K.L.:
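I'd like to ask some things about the structure below.
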Number of protein chains: 2
Amino acid sequence: MLNQSDTAIDARAVSRNSNDLGQGDGRVRVARLSFLQDQEIFPQEVPATRLYRVLSGAVRTVRLLCDGRRQIGAFHFPGDWFGLSADGAHRFGAEAVSDAVVEAYPRSVLTLGGAAGPCAGPENAIVLQLARAEDHLLLLGRKTAEERVAAFLCDLNARGIRELPMRRQDIADYLGLTIETVSRMLSHLQRSGLVEIAHSRSLRILKEDALSTLAA
Amino acid sequence: MLNQSDTAIDARAVSRNSNDLGQGDGRVRVARLSFLQDQEIFPQEVPATRLYRVLSGAVRTVRLLCDGRRQIGAFHFPGDWFGLSADGAHRFGAEAVSDAVVEAYPRSVLTLGGAAGPCAGPENAIVLQLARAEDHLLLLGRKTAEERVAAFLCDLNARGIRELPMRRQDIADYLGLTIETVSRMLSHLQRSGLVEIAHSRSLRILKEDALSTLAA
DNA sequence: CGGTGCCTTGAATTTATTCAATGGTTGTGG
DNA sequence: CCACAACCATTGAATAAATTCAAGGCACCG
């Protein structure tokens with residue numbers, strides 16, 4: 001079903017290299033990893049030993065219910081940190097949405113710099129991730145289907161994403177909807193002239209204000 | 001509407017005292033604050049300057065949509081940390097569910113101990129809060145009304161809470177449902193003999209396994 | 001005793017889902 | 001090059017789930 005298995009070994013071809021994190025505390029070992037579309041980066045419910053950062057492509061965090069229902073916790077794009085879940089075990093697994101390259105850091109980088117470091121570091125990423133999760137709670141708990149889709153497009157737009165790397169099923173599982181509902185709402189937003197989505201994938205916001213108003 | 005206003009000043013009667021946090025880094029100034037039921041502890045969208053811990057009572061974190069829709073992010077009980085949202089601004093405000101006493105710490109305690117400290121510290125609380133938020137994402141995005149209510153009761157039970165301090169409206173806003181649906185589901189769980197709820201408030205789990213199975 | 005606030009229950013309605021069919025694109029093999 | 005299969009997205013109609021609307025009950029308080 002997923003194009004893993006045989007090609008996975010080749011895809012995981014790992015090139016390790018040392019790298020200075022810039023915190024003055026010596027060098028940190030960083031692994032660079034490549035993944036094919038839909039390949040698993042780390043599974044759900046496994047001890048979180050490393051932190052990751054997206055270099056290229058896109059990553060989703062995924063959680064499955066025993067009967068197959070799926071929730072996507074977040075999408076991560078180049079520059080974004082992920083895998084900071086819990087120190088005990090990841091609540092969500094991580095998978096490549098498209099072919100992707102990520103860097104893996106030892107967990108120790110979290111406590112390297114303390115509060116003094118630059119704002120782009122992983123310490124702030126944890127707080128950013130919590131903020132994103134809390135925003136998403138509001139969306140899932142209280143917004144309508146149309147508001148969810150509008151908010152999703154606004155968020156992508158704000159993050160500079162102009163090409164949807166994920167399938168409708170991913171969007172649906174992120175927004176707590178079905179693919180059909182997502183599709184209907186996208187069609188509706190297009191008919192209303194707020195956005196334009198070519199070939200199901202390329203995103204163009206035509207009326208940004210109206211869209212963000214709709215996103216509630 | 002809320003019993004704030006006049007009595008608020010009295011209620012906020014603050015007793016400050018010095019306190020050793022146990023991290024060996026000297027003493028930290030801790031304020032002890034009391035709040036009446038439904039009183040605001042800190043508002044939504046305000047810089048997060050302090051960390052809080054519940055001493056007694058219960059606290060909810062709240063976020064409002066402009067049209068009045070409300071989402072509760074979490075409930076906090078004695079021993080729980082809260083207010084760790086973002087360093088920029090709180091995504092959620094905090095309010096007392098019942099009369100409550102909390103301790104307020106300076107934000108600096110977050111970086112005091114690093115990774116070496118005991119597991120009960122605020123550093124782990126941030127990660128715990130993220131884990132809770134992620135669990136809640138799954139609940140809001142993919143669970144049915146009955147599963148949500150069952151999961152809520154299971155969670156309270158696991159945290160040792162046997163008395164519901166919050167109103168039905170709070171439960172509804174936490175679970176992304178309406179009060180009527182919450183009430184119906186509670187009635188249904190009682191008719192099924194899984195739980196017993198006396199006087200709308202006291203919680204007794206009769207079939208823990210069955211309930212947690214229902215919680216999915 | 002009457003009033004208020006909160007909870008519960010039933011019926012009607014709405015929203016999103018499920019079921020079903022169709023269209024478009026891509027890649028493969030004849 | 002075209003036919004065909006596989007996969008994904010879209011659309012319509014029927015269904016199910018939760019909400020909204022409405023009424024009534026219970027406890028608490030002045």
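Please read these numbers as outputs of a predicted model, since none were measured by experiment. Quick note on labels: first sequence line is chain A, next is B, and so on, each numbered from 1. All heavy atoms count here, side chains included; hydrogens, waters and symmetry mates do not.
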K.L.:
Which nucleotide span of DNA chain C, 5' end to 3' end, has atoms closer than 4.0 Å to non-hydrogen atoms of chain B?
P.N.:
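Contacts span dC6(C) to dA11(C), reading 5' to 3'.
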
K.L.:
Send over the distance from D170(A) CG to dA9(D) P, rounded to a whole Å.
P.N.:
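D170(A) atom CG is separated from dA9(D) atom P by 9 Å.
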
K.L.:
By side-chain hydrogen bond (donor to acceptor under 3.5 Å, both in side chains), which residues pair with E147(B), not counting sequence neighbours?
P.N.:
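Result, side-chain hydrogen bond (donor to acceptor under 3.5 Å, both in side chains) vs E147(B): R69(A), T144(B).
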
K.L.:
Near DNA chain C, under 4.0 Å by heavy atom, which residues of residues 135-154 of chain A?
P.N.:
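Of all residues in residues 135-154 of chain A, the ones placing a heavy atom under 4.0 Å from DNA chain C are T144(A), A145(A).
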
K.L.:
Mark yes or no for whether Q190(B), through its side chain, and I197(B), through its backbone, hold a donor-acceptor pair below 3.5 Å.
P.N.:
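Pair found, side chain donor or acceptor close to backbone of I197(B).
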
K.L.:
Check salt bridge (charged side-chain N to carboxylate O under 4.0 Å, His left out) between R142(B) and all other residues, then give those that pass, not counting sequence neighbours.
P.N.:
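With neighbours one apart ignored, the set is D173(A).
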
K.L.:
How would you list all residue pairs meeting side chain to side chain donor-acceptor pair (under 3.5 Å) that involve residues 193-202 of chain A, not counting sequence neighbours?
P.N.:
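Qualifying pairs, neighbours excluded: E196(A)-R204(A).
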
K.L.:
If the condition is ring pair (Phe, Tyr, Trp, His ring centres under 6.0 Å), which residues does F152(B) pass it with, not counting sequence neighbours?
P.N.:
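Listed in chain order: Y174(B).
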
K.L.:
Taking all heavy atoms of F75(B) and all of I171(B), pick out the closest pair and write down the distance.
P.N.:
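Taking F75(B) first and I171(B) second, the nearest heavy atoms are CZ-N, 4.5 Å.
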
K.L.:
Salt bridge (charged side-chain N to carboxylate O under 4.0 Å, His left out) with R159(B): which residues, sequence neighbours excluded?
P.N.:
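With sequence neighbours excluded, R159(B) shows a salt bridge (charged side-chain N to carboxylate O under 4.0 Å, His left out) to D80(B), D155(B), given in chain and number order.
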
K.L.:
Who passes side-chain hydrogen bond (donor to acceptor under 3.5 Å, both in side chains) against D170(B), sequence neighbours left out?
P.N.:
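Only R60(B), R70(B) meet the side-chain hydrogen bond (donor to acceptor under 3.5 Å, both in side chains) criterion with D170(B).
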
K.L.:
Near DNA chain D, counting only heavy atoms under 4.0 Å, which residues of residues 188-206 of chain B show up?
P.N.:
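Residues of residues 188-206 of chain B that come under 4.0 Å of DNA chain D do not exist, since none gets that close.
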
K.L.:
Do any N or O atoms from the side chain of R162(A) and from the backbone of N157(A) form a donor-acceptor pair under 3.5 angstrom?
P.N.:
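Yes: the side chain of R162(A) pairs with the backbone of N157(A).
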
K.L.:
In chain order, what residues pass the side-chain contact (heavy atoms from CB on, under 4.5 Å) check against L137(B), with sequence neighbours excluded?
P.N.:
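L137(B) satisfies side-chain contact (heavy atoms from CB on, under 4.5 Å) with H136(A), L137(A), L140(A) once adjacent residues are dropped.
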
K.L.:
Could you tell me which residues satisfy salt bridge (charged side-chain N to carboxylate O under 4.0 Å, His left out) with R63(A), sequence neighbours excluded, listed by chain and number?
P.N.:
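Result, salt bridge (charged side-chain N to carboxylate O under 4.0 Å, His left out) vs R63(A): D135(B).
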
K.L.:
Counting distance only, does the side-chain N/O of Q44(A) pair as donor-acceptor with the main-chain N or O of L64(A) below 3.5 Å?
P.N.:
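Present.
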
K.L.:
Counting only heavy atoms and a strict 4.0 angstrom limit, can you tell me which residues of residues 171-185 of chain A come near DNA chain D?
P.N.:
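Per residue number, the list reads E180(A), S183(A), R184(A).
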
